[in-house]
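Report on the following structure.
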Amino acid sequence: MTEYLAKRLLLMIPLLFGITLITFGVIHLAPGEPVEMQVAMNPKVSAESRERLRKFYELDKPLHVQYGKWVSRLARLDFGRSFAPDGRPVIDKIRERLPITISLNLIVLLLEFALAIPIGIMAATHRDGPLDRWTTVLVFLGFSTPLFWLSLILMYLFGVRLGWMPISGLHSLGYETHGLLWQAWDLGKHLLIPIGVATFGSLAGLSRYMRTSMIEVLGQDYIVTARAKGLSERVVIYRHALRNALLPAITLLGLSVPGLIGGSVIFESIFAIPGMGKLFYDSVMSRDYPLVMGVLFIGAVLTLVGNLLADLSYAFADPRIRTGKGGRQ
Amino acid sequence: MTIRLFICLLLVPLVLLSCSEKEPEQPKPRTVGVPAFGDALVAGSIGEPSTLIPLLASDVPSREVAGQIYSGLVRYDKNLKLEGELAESWDISRDGLTITFHLRKGVKWHDGQPFTAHDVLFTYLVTIDPKTPTAYAEDFKQVKKAEAPDPFTFRVTYSKPFAPALESWGVAILPAHLLEGKDITKSELARKPVGTGPYRFKEWLPGQKLVLAANLDYFEGRPYVGGYVYRIIPDSSTMYMELKAGGLDMMGLSPVQYQRQTSGKAFQSRFNKYRYPASAYTYLGYNLRHPLFRDRRVRQAITTAINKDEIIQGVLLGMGQIAHGPYKPGTWPYNPKVKDFNYNPDLARRMLAEAGWRESNSDGILMKEGKPFSFTILTNQGNDLRLKTALIIQQRLKVVGIDVKIRVIEWASFLKNYIDKGDFEALIMGWSMGQDPDLFDVWHSSKTGPRELNFIGYKNPEVDRLIEAGRSTFALDERRRCYFRIQEILAEDQPYTFLYVPDALPVVNARFRGIEAAPAGIMHNFIKWYVPKEEQLY
């Protein structure tokens, strides 16, 4: 097991290196430069000022030199400074946006699993019955509704029409003058619609996986055996079937880890939530190379870690994988 | 996105601060009320400021916020005349080469330090320092000598008279005592600015809002409104809902919002809408190096075939006016006598025939020397108004026998692959109009190189001469004569078809009183706005 872990971890190094090389190449292939995006069409900017800016950002150096400098800084865990006019360290920019994005995504992820797994199980145990059909309709409704549209409708209804809910942002104006409890309540109110909408939109995938996997498990020999032993349906489903049916959920959970730091631009724009999605989008649009690379690199690391965790927990959950003895009983 | 890109192009900032001579539309306040200190204005913005050191910023949000925190030596008053801000007065030497500014005494930085001529000198020096990554060194490079003979006098000397010079001293003056000897790119002033303006910095929640508080010691008197909150809401529908729900006090409306969604009694009792021409125009530009457009008659004919009124109605819902040249109607350089070509498709067809374009087969497209009259209009992605304009033009030109294709291209690639390479036939773009009428960068023949702004390749020796004459004298009459003539020539040459000047459409919560719409917009007297005590919210 330790050997396996060490091998996986070591393999990540060349993989990461490759990822940085490709992302660096791709972002530099895109037309336009940070300087260009800042000063284009501005009559006040002379050719000389452009050169001055390019020099400042070291864009006048050959690409391999730029890459070399970036990687050597990265090796010292320094993500460099943003090419935006504020020139702040990339890590600061990411750090101030990460908590809200991670918390939101984590809550949505928890709700998604808490809701989608029971829905999937119910749909499987009531296969082709009305419950199955209605939950299917519901989750697909969430899957196929454009979330920005749904958000705007809810904001209009609860924010403008009824005035029950705040519309956007994270806090009410002047929230800092209130007590901690009030602040938490205020934050909760602001996040209710975004979290609700995001959860609603995420149910389809996982619940369908659960349903399929549950149906498959329920057809296995050992379930027939369990039923033949005269075990109650509850025990059959929750003790014997569920454990095996949960295996694909683990994979999905692992795959969701990198998604935790990513946000949706549209979503964050509509709700005016200062998250990673908007940060990344803006950095791409303004060709802020260090910031783009920083976010991509962290995303890549998390993807690799997520995959590793999924594989490990898979092994933990399934003895057949852990012992490598295949299906032998 | 739409609005964001549009705003990006309004290089001279503040749509809200823009202007006209036509009496701006101004609602009547409910009651006057008694001026009182307190309350806060919550303004909405699509973008977040990048840095609050104005020297390093080129985006509109940064300038809007920094404008409340910093002051310049001069500024434009509500009628767009230059007036003193940190400078009490100034003298221009007879030869036009030396400007002496007499500075206000007793002005304090927000941290209590006194403001002196040393700060001005420092601002000048740090701007021209090659290590400072600023886009704005150009105007100051014309300065031959700058000196501060005493703490309240600042003198600059130019090697030749340079009319835009005076305006260039409207830049934000930076605090020397906080920046001297430090690396300006790493200064914490970018996030915690210290200025001399009417509002002082309070807090900045990244991605959410910026809060400013009234500067009680402001040299023109304490502003009534106690706080200025700048909320960042990237989506314009959300912003509009926030406005209606009371979470915002001020925003810029789109033509649709102005015309269709804010006309009810209920809305009008809670908000005041304002309307005046923005400092920008949209145009159809021709690549003059392209054989199709070398012939002036062809460009004139295209303008004649385009119905500008229809574009304003269709695209802006009437919220704009026809542009005939590069100046805003009502400003001093604007020549009201210049009209280009009125819409007349029959005349356009005759003009094209004169230029040799005739219908020779029955496909409806004109031909000359065996080639059909067909070209592509480029415009940038994300600007819906421009795309609609292109569609209307396409229809109109089809009527006279010109086949137009439209291509919409992402901004970065639009610049890099098409404009910089001169690889286009015609394009729809916009310019913002600065307060100073100098046209050097966009119209002078020396600015046709790669990455320069005369990318259509317009070269007219007379225009060159007039531009040079206009920028090298401070005499208003003399300058006006130059710019009037340039407008006549441009109307005749039609290097662009000037299309329209859109209106700025700000809306402000009705509890704010004392707002005075003027040629400079509404924000010019922000320190005099107030909310009667009984209506204060925050």
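Convention: sequence-line order gives letters A, B, ...; per-chain numbering from 1.
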>> Please verify the inter-ring angle class for Phe455(B) with Phe424(B); under 30° counts as parallel, over 60° as perpendicular, anything in between as tilted.
In response: perpendicular
>> Taking side-chain hydrogen bond (donor to acceptor under 3.5 Å, both in side chains) as the definition, give me every residue that meets it alongside Arg97(A), ordered by chain and number, with sequence neighbours left out.
In response: Glu48(B)
>> Quick test of your reading: applying salt bridge (charged side-chain N to carboxylate O under 4.0 Å, His left out), list the pairs with at least one residue in residues 61-80 of chain A, sequence neighbours left out, ordered by first then second residue.
In response: Glu58(A)-Lys61(A), Glu58(A)-Lys69(A)
> Between Ser168(A) and Thr238(B), is a side-chain hydrogen bond (donor to acceptor under 3.5 Å, both in side chains) present by the stated rule, with each step listed?
Replying inline: CA-CA 7 Å; Ser168(A) 67; Thr238(B) 306; over 6 Å; no
> Looking at Pro133(B), Ala57(B), Ala245(B), which has the largest count of heavy-atom pairs under 4.5 Å with chain A?
Replying inline: Pro133(B)
>> Using only non-hydrogen atoms and a strict under-4.5 angstrom cutoff, which residues of residues 156-166 of chain A touch chain B?
In response: Tyr156(A), Gly159(A), Val160(A)
> Where does Val229(B) contact chain A at under 4.5 Å (heavy atoms): side chain, backbone, both or neither?
Replying inline: side chain
> From Tyr283(B) OH over to Ile428(B) CD1, what is the distance, rounded to the nearest 0.5 angstrom?
Replying inline: 10.5 Å
> Out of Met239(B), Glu138(B), Glu242(B), which one racks up the most heavy-atom pairs below 4.5 Å with chain A?
Replying inline: Glu242(B)
> Are Tyr67(A) and Phe24(A) an aromatic pair by the rule of ring centers under 6.0 Å?
Replying inline: yes
> Between Tyr289(A) and His28(A), what is the ring plane arrangement, given parallel below 30°, perpendicular above 60°, and tilted in between?
Replying inline: tilted
> Within residues 183-192 of chain A, which positions have a heavy-atom distance to chain B below 4.5 Å?
Replying inline: none
> Of the backbone (N, CA, C, O) and the side chain (C-beta and beyond), which part of Phe414(B) lies under 4.5 Å from a heavy atom of chain A, both, or neither?
Replying inline: neither
> Angle class for the Trp204(B)/Phe201(B) ring planes (parallel below 30°, perpendicular above 60°, tilted otherwise)?
Replying inline: perpendicular
>> Quick check on Ile184(B) against chain A: is it the side chain, the backbone, both or neither that has a heavy atom closer than 4.5 Å?
In response: neither
>> Please find the pair of heavy atoms, one from Trp443(B) and one from Tyr496(B), that lie closest to each other, and give the distance.
In response: CZ2-CE1, 3.4 Å
>> What part of Asp441(B) gets within 4.5 angstrom of chain A, counting heavy atoms only: side chain, backbone, both, or neither?
In response: side chain
>> Please determine whether a side-chain nitrogen of the Lys or Arg among Asp39(B) and Arg511(B) lies less than 4.0 Å from a carboxylate oxygen of the Asp or Glu.
In response: yes
> Any side-chain donor paired with an acceptor under 3.5 Å for Asn509(B) and Arg270(B)?
Replying inline: no
> For Asp139(B), is it the side chain, the backbone, both, or neither that has a heavy atom closer than 4.5 Å to a heavy atom of chain A?
Replying inline: side chain
> Salt bridge between Lys278(A) and Asp282(A), side-chain N to carboxylate O under 4.0 Å?
Replying inline: yes
> Does NZ or CZ of Arg471(B) come closer than 6.0 Å to the centre of the six-membered ring of Phe162(B), within 45° of the ring's axis?
Replying inline: no
>> Quick check on Ser168(B) against chain A: is it the side chain, the backbone, both or neither that has a heavy atom closer than 4.5 Å?
In response: neither
> Is it the backbone or the side chain of Asn454(B) that comes under 4.5 Å from a heavy atom of chain A, or both, or neither?
Replying inline: neither
> About how many Å separate CZ of Phe271(A) and CD1 of Ile193(A), when rounded to the nearest 0.5 Å?
Replying inline: 6.0 Å
> Heavy-atom distance under 4.5 Å to chain A: side chain of Thr134(B), backbone, both or neither?
Replying inline: both
> With respect to chain A, which residue among Pro130(B), Ser187(B), Gly246(B), Ala137(B) yields the maximal number of heavy-atom pairs within a distance under 4.5 Å?
Replying inline: Pro130(B)
>> How long is the straight-line distance from OG1 of Thr101(A) back to CZ of Phe280(A), given to the nearest 0.5 Å?
In response: 13.0 Å
> Most heavy-atom pairs under 4.5 angstrom with chain B, which of Leu173(A), Ile273(A), Val35(A)?
Replying inline: Leu173(A)
> In terms of heavy-atom pairs under 4.5 Å, which option from Ile232(B), Ile233(B), Leu205(B) contacts chain A the most?
Replying inline: Ile233(B)
> Which of the residues Glu452(B), Arg231(B), Lys131(B), Lys244(B) is involved in the greatest number of heavy-atom pairs with chain A at under 4.5 angstrom?
Replying inline: Arg231(B)
> Do you know which of Asp438(B), Val442(B), Leu52(B), Thr132(B) has the most heavy-atom pairs under 4.5 Å to chain A?
Replying inline: Thr132(B)
